[in-house]
Asker: 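My questions all concern the structure below.
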Amino acid sequence: MSTCHPSTEPLYKEVVWHMTIKTPLHVGSGDKLVWGKDVFFDAGRAHVIDLGRAFDALEKEQASSNSPDRHKSALLADLDRVMMRDSAKSFQELWGARSRDGIVLYSMPCTGGELAARGPDAKAELRTFMRDAFQRPFLPGSTLKGAIRTALLMEVAERNESVKDAFRVATATKQKSPDTRAQHLAFRSNGKEPEKKDAIEAIEDVLRHLHVPDVYIPPDCIEVRSVAIASMGNPDGDDWGWKERPTKNQAHWKGGLRIVLESIRPGTELRIPLRIDARRLRPDWLHIPKEDLKGRVVQDFSNRRALLENHLFNAIKKHGRRIFEHDQTLFLRRSKNLPPGLTKTLHTLTQSTSSAGDMALLPVAWGIGWRGMTGAVFERLDNSTGERERNVCAHDPPTLRRLRTTSGMGKTEYPIFPKTRRLALDQTDPTLPMGWVSIRPWAANDAVGTVATVRMPSRNATVQIKLEGQNKNGTWRGVILGYGARGYIDPKSAPPDLRAGQVVTATVEIVPVSKDAPCGLTFKSTT
C-alpha cells in the first residue's frame, strides 16, 4: 500500500457544513442601546440611529435659523439632555417629522406579538448583535468553534479516564476555570500544562489546526425579539414560573423579566466552511534534520488526528442530543405556567433531526448557558451509578453537587442545575429556546442568502463620492459609489460650494487609522 508523502499531501482538508438556524440565535456585541434614545420604533421596525450624523444634521438646521446664539438654543439643550439620558423626551420625539434619510445605521423588523405591534417599553435596552465596521452582522467563528470545542471535550472525556479524573479533582477547590487541566489533557499535544505561566497555550493545542471563519449574515435575517426567562418553581423541576428580580417567580411571563435583543431569524441558512490542517496532524509533517533541532521538539498531534478528521461531526451530534433531550424532558413535565406552544416547538426540533441521520442539533451562543459549555461534562462523570444517563431529570450526581458547593453555583436547595432557561417570544408566547441550530454536510444543490459586500478601493484609485454632510472641521463625508463604504474628503483639497447630495470625483490619497476616518479612507477631491 502506498502512502502519501507529506510534501505532496494537501495542506488543508475542507469540511463544509450547511447550518440552519432553528431558534433565534443571539451573539452579543456588548453594546446596549436605549429605546427612544439610540433606537426608535416605527411601523413594526426598529431603526438604529447614527447619533453623530443626526446631531450634525440638527446643528446644521439650527445654524441656518435666525437664532443669535445657536449653541445655547433650546434644541441643542435638548440634545445635551438626551445624550446624558436626563430627559424624558426621546430622540424620536426630538427629531419629530424631519427626514430620517442618512441618520439610520440599519433597520430590523420587530418580531413576536406585542413587540411587533407597539415596540418595547420606553426604558428598555436593546442588546445588539455582532457587526463589523460597516454594520454588517456576522456569526463569529470563535463562537461556533467554542461550541465545537465543548463537543469534542465531551467526546474525549468519554474515552479517557485521565480527563475524567482531572474534572473530578477540579471540584475539590474553587477555581476560576475548573476545566483547565482537563482541557490540557484532552487537546494539548503532550497532554501537559505549560511549564511557564506566560507560555502560549495555543501552540500546543490541537484545535489550533481547526479553522472556523466568521460567517456574514444576510442583513434581512436579523430581527428584534423579546426574551423571557423560565425558572423552576420547585426543587423537583416539575413546575415552572417566570423570573423577575428581585421578587419571586411570576405565574405568567408578562409579569417576569424581559430582555430585548437582536437575533438571527429562524430558518436562516448559512454556509460554514471549516478547514483542518491535515498535513500538520501527521507525525512527520515537518522534516528537520536532528542536528538542526538544537533541543527543540517538533509538535506531534498525530495521536489526536482522528479527533478532527473522523469524530468532528459525530461529536457535535452526540453533544447536542444530550443537552436537548435533557431540556426537552424537563420542559415536558406538566406545568400550568409554561405555554402550550413550547411542546410543539420541541417536537418540531426533534422531528427535524430524527428523520435524517446526517443532521445534528447543536446549541450555540447566548441562551444555552452553562450546560452548553463544560457543564454537560460534569453531569456525566459518575458513570458508576449511571443515574443521569437513565434519567436526564435525575438530581445532580455527586461530582456536580461538589462543584456547585465549592464554586457557589446556583441555589443549593435546587438539586437540578441550572434552574433557568431563556425562551424567545414567537407570535404571542415565549416558546422558542434560544440558540439551537441544525448542521449537516453541504450538498451540491444547497444555497444561502446573499450578504452585503463591501469592496475597498485601492490606493490612488479614482472613485465617486456622494456627499452626505460636513463635519465641524470642514471635512466632507460621503458614500463611495460602487463600493458600499464611506470615505472623507480632505478639507485642504475640497473645492468651494460643495453641498450635501452632490457627487464628486476623488482620488484615494492616504489610508490612515484615526477617529476622523473610521473606515480608514481619506480622499483628495479632483472636482
Side-chain angles (χ1 to χ4, degrees), residues 21-26 112-113 147 225-244 248-259 263 266 317-354 359-373 375-376 379-380 387-397 400 410-411 413-438:
I21 309 300
K22 291 295 185 179
T23 63
L25 191 154
H26 171 74
R225 281 189 182 266
S226 184
V227 176
I229 300 180
S231 178
M232 291 182 194
N234 63 8
D236 293 326
D238 55 8
D239 192 17
W240 292 78
W242 300 91
K243 191 173 184 64
E244 171 60 22
K248 296 181 179 179
N249 289 346
Q250 303 296 307
H252 195 277
W253 63 266
K254 288 187 176 181
L257 180 67
R258 305 281 291 281
I259 301 173
S263 63
K317 185 175 182 179
K318 187 186 302 182
H319 172 63
R321 184 178 67 247
R322 283 176 166 172
I323 294 180
F324 179 75
E325 288 176 351
H326 180 282
D327 279 16
Q328 184 181 36
T329 306
L330 274 180
F331 280 137
L332 293 182
R333 290 185 175 191
R334 190 63 261 161
S335 173
K336 61 182 180 180
N337 293 329
L338 288 179
L342 179 58
T343 302
K344 181 180 178 181
T345 300
L346 297 174
H347 179 72
T348 301
L349 288 173
T350 303
Q351 290 295 106
S352 67
T353 55
S354 61
M359 186 83 73
L361 273 180
L362 181 67
V364 176
W366 188 88
I368 297 301
W370 180 81
R371 293 195 69 251
M373 297 180 284
E379 289 179 337
R380 292 177 167 80
E387 188 176 10
R388 200 68 153 191
E389 294 291 343
R390 293 192 300 270
N391 176 14
V392 294
C393 294
H395 290 180
D396 293 337
L400 179 53
K411 297 181 178 180
E413 65 268 25
Y414 282 81
I416 300 177
F417 181 82
K419 65 183 288 290
T420 60
R421 301 292 189 276
R422 299 178 179 97
L423 300 175
L425 268 67
D426 185 26
Q427 302 303 323
T428 58
D429 296 308
T431 60
L432 299 175
M434 292 290 298
W436 284 96
V437 304
S438 67

Asker: Can you find a pair of side-chain heavy atoms, one from L423 and one from F331, that are under 4.5 Å apart?
Answerer: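 Sidechains of F331 and L423: in contact.
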Asker: Under a 4.5 Å cut-off applied to non-hydrogen side-chain atoms, are L342 and P433 in contact?
Answerer: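 A side-chain contact exists here, since the closest heavy-atom pair is under 4.5 Å.
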Asker: Could you grab the distance from atom CG of N249 to atom CH2 of W240, nearest 0.5 Å is fine?
Answerer: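 Nearest 0.5 Å value for the CG-CH2 distance: 10.0 Å.
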Asker: What heavy-atom pair brings Q328 and L346 nearest, and what distance separates the two atoms?
Answerer: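 Q328 and L346 have their closest heavy atoms at NE2-O, 3.8 Å.
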Asker: Is there side-chain contact between P415 and D396, with heavy atoms separated by less than 4.5 Å?
Answerer: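 In short, these two side chains do not touch, never coming nearer than 4.5 Å.
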Asker: Quick check: closest heavy atoms across A147 and P363, and the distance to 0.1 Å?
Answerer: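 Looking at all heavy atoms of both residues, the shortest contact is CB-O, 3.8 Å.
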Asker: Could you tell me the separation between the CG atom of L257 and the CZ atom of R422, rounded to the nearest 0.5 Å?
Answerer: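 The CG atom of L257 sits 10.0 Å away from the CZ atom of R422.
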Asker: Ignoring hydrogens and geometry beyond distance, is a side-chain donor-acceptor pair present between D429 and W253 at under 3.5 Å?
Answerer: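 Yes - a donor-acceptor pair under 3.5 Å links their side chains.
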Asker: Could you tell me the separation between the CD1 atom of I416 and the NE2 atom of H326, rounded to the nearest 0.5 Å?
Answerer: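 One gets 6.5 Å once the value is rounded to the nearest 0.5 Å.
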Asker: Please report the interatomic distance CD(E413) to NZ(K419), rounded to the nearest 0.5 Å.
Answerer: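 Atom-to-atom, E413:CD and K419:NZ are 8.0 Å apart.
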Asker: Report yes if some heavy atom in the side chain of I259 is under 4.5 Å from a heavy atom in the side chain of I229; otherwise report no.
Answerer: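 In short, these two side chains touch, coming nearer than 4.5 Å.
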Asker: Should the pair W366 and H26 be assigned to parallel (<30°), tilted (30 to 60°) or perpendicular (>60°) ring geometry?
Answerer: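 Ring orientation, 0 to 90° scale: perpendicular.
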Asker: Can you tell me how far the CG atom of L349 sits from the CH2 atom of W436, to the nearest 0.5 Å?
Answerer: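 So the gap between those two atoms works out to 8.0 Å.
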Asker: Supply the atom-to-atom distance K254 NZ to L425 CG, rounded to the nearest 0.5 angstrom.
Answerer: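 The distance works out to 9.0 Å.
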Asker: Can you name the nearest heavy-atom pair linking G241 to N337, along with the distance?
Answerer: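 That would be CA-ND2, 4.3 Å.
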